[in-house]
Structures are given as structure tokens and as C-alpha cells.
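Note that ligands are numbered from 1 as they come in the structure, with each ligand's atoms numbered from 1 the same way.
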Amino acid sequence: MKNYLIALLAVVTFGLASCGGGSNDKAADNQEATQAVEQKADQAQQQAQAASDQKADEQKADDQKADDQQAGNDQAAAGGKDGKTLFMENGCVACHKETEKSVGPALKDIAAKYGDKAKLVNFLKGNGEAIVDPANFATMKPNLEITKKMNDADVGALADYILSIK
Ligand code: HEC
């Protein structure tokens with residue numbers, strides 16, 4: 001009787017194990033199949049996203065082209081970039097106001113001290129010495145790296161703008 005029970009138990013256990021194993025395999029197969037489908041769906045979505053991103057980028061590039069053209073036209077009409085725009089775009093405005101001293105001297109004080117365009121251009125090209133507030137030249141010095149790299153037309157426009165402030 002005892003042996004019989006043990007045998008039965010063994011059969012049942014074996015049966016359960018193999019049956020369970022079988023269904024596990026199936027479940028695993030199913031899972032794999034589901035994953036594969038999900039992966040495909042993800043890929044398709046990514047491709048669609050990439051395609052639409054590219055379209056948006058192309059659109060942006062086209063817009064940029066139109067903008068550049070417009071800017072080019074404006075620039076040509078104005079005969080080069082205007083000095084005030086350069087003064088703003090290059091961050092000079094952070095330390096210089098037109099008529100009041102801030103971190104740096106007021107532009108009207110710089111204009112009064114220089115008076116002469118060639119001399120001011122010379123300073124902006126990094127070839128002159130500070131004459132307005134030499135004690136604080138260390139604060140100004142890094143900005144000459146920007147103006148030194150500008151073309152003659154831009155440095156001239158910048159100097160014209162500064163000298164125009166009274
Ligand atoms: C971080 C603040 C700061 C910025 C940004 C700055 N400056 Fe200045 N600048 C100063 C200070 C301070 C002085 C006074 C020291 C001196 O005279 O060199 C000065 C002086 C000057 C002078 C007079 C130089 C002289 O002979 O003494 C000119 C011209 C000038 N700046 C032009 C510019 C231009 C153009 C820009 C932008 C490209 C600019 N600065 C950006 C702080 C700044």
C-alpha cells in the first residue's frame with residue numbers, strides 16, 4: 001500500500017512537472033511571439049517618427065533658408081550689419097549703456113574720449129591701449145577676442161555706432 005502510494009505520488013508529480021513544463025514552454029513561446037510583434041510595432045513607430053522628424057527638420061531648414069535670404073537682403077539694403085545690432089548680438093550691451101556708466105563706461109563717454117574712428121577701430125582690433133578706464137581693462141579685455149575676429153565692415157559699423165552716441 002505504501003509503495004503503491006509512493007508510486008502514485010511519483011507518477012502524479014512527474015505528470016504535473018511535465019505538463020507544467022509543457023505549458024510553461026507554450027507560455028514562453030507566446031510571450032516571445034508577443035514580444036516580436038511588439039518589437040515590430042515599435043520599429044514601425046520609430047520609423048514613422050524618424051520620417052516625420054526628418055520632414056520637420058527639412059521644413060525648418062527651408063524656413064531658415066528663407067530667413068537667411070531675408071536677412072541677407074536687409075543687410076544688403078543697410079550696407080552691412082548695423083553697429084547697434086552687432087553691439088546687442090555680441091553681448092557688449094550687458095556692460096555698456098548708451099548714456100550711463102554701468103559695468104563699463106557709457107558709450108557717450110567712450111565716444112567723447114575717442115572721437116576718432118580709426119583710433120577706436122584700432123582698439124577694437126586689439127592693437128590699442130585702453131584710454132577710457134585703463135584700471136578696469138581686465139574686464140573688457142576678453143571682449144576684444146570677439147571684436148578682433150570681426151571683419152573690417154563690422155568693426156567699422158561698431159565704431160560708428162559707439163561714436164554716434166552723444
Ligand atoms: C563684462 C563686461 C563688458 C563687456 C561684455 C564689454 N565691455 Fe567694453 N568695457 C568694459 C569695461 C569694464 C571697460 C572699462 C575698461 C577699459 O576702458 O578698457 C570697457 C571699455 C570699453 C571701451 C573703451 C576702451 C578704452 O579705450 O578704455 C570700448 C571701446 C568697449 N569697452 C567696447 C566694447 C564692445 C564693442 C563690447 C562688445 C564686443 C564690449 N565692450 C563688451 C566692460 C565690458
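Comparing Phe123, Phe137, Tyr114 against atom 26 (O) of ligand 1, the shortest heavy-atom distance belongs to Tyr114.
Backbone and side-chain nitrogen or oxygen atoms of Thr139 are examined, and none is located within less than 3.5 angstrom of a nitrogen or oxygen of ligand 1. Any N or O atom pair closer than 3.5 Å counts here, and Thr147 shares no such pair with ligand 1. Of the polar atoms of Ile131, at least one N or O is found under 3.5 Å from an N or O of ligand 1, judged by distance alone. The distance criterion of under 3.5 Å between nitrogen or oxygen atoms is met by Val132 with respect to ligand 1. The shortest N or O to N or O distance between Asp133 and ligand 1 is below 3.5 Å.
What you find for Pro105 and His96 is that their closest heavy atoms are O-ND1, 2.8 Å. For the pair Lys117 and Gly156, the tightest heavy-atom approach, listed with the atom from each and the gap, is CE-O, 3.6 Å. Asp154 approaches Leu86 most closely through the heavy-atom pair O-CD1, 3.5 Å.
Per-residue contacts place Val103 under 4.0 angstrom from the following atoms of ligand 1 (heavy atoms of the residue considered): 12 (C). Close approach to Pro105 involves these atoms of ligand 1, each under 4.0 Å from a residue heavy atom: 11 (C), 13 (C), 14 (C), 19 (C), 20 (C). Of all atoms in ligand 1, listed by their number and element, those nearer than 4.0 Å to a heavy atom of Leu120 are 29 (C).
Looking only at protein heavy atoms, the nearest one to atom 41 (C) of ligand 1 is Asn143 CG, 3.4 Å. Ranking protein heavy atoms by distance to atom 3 (C) of ligand 1, first place goes to Cys95 SG, 2.7 Å.
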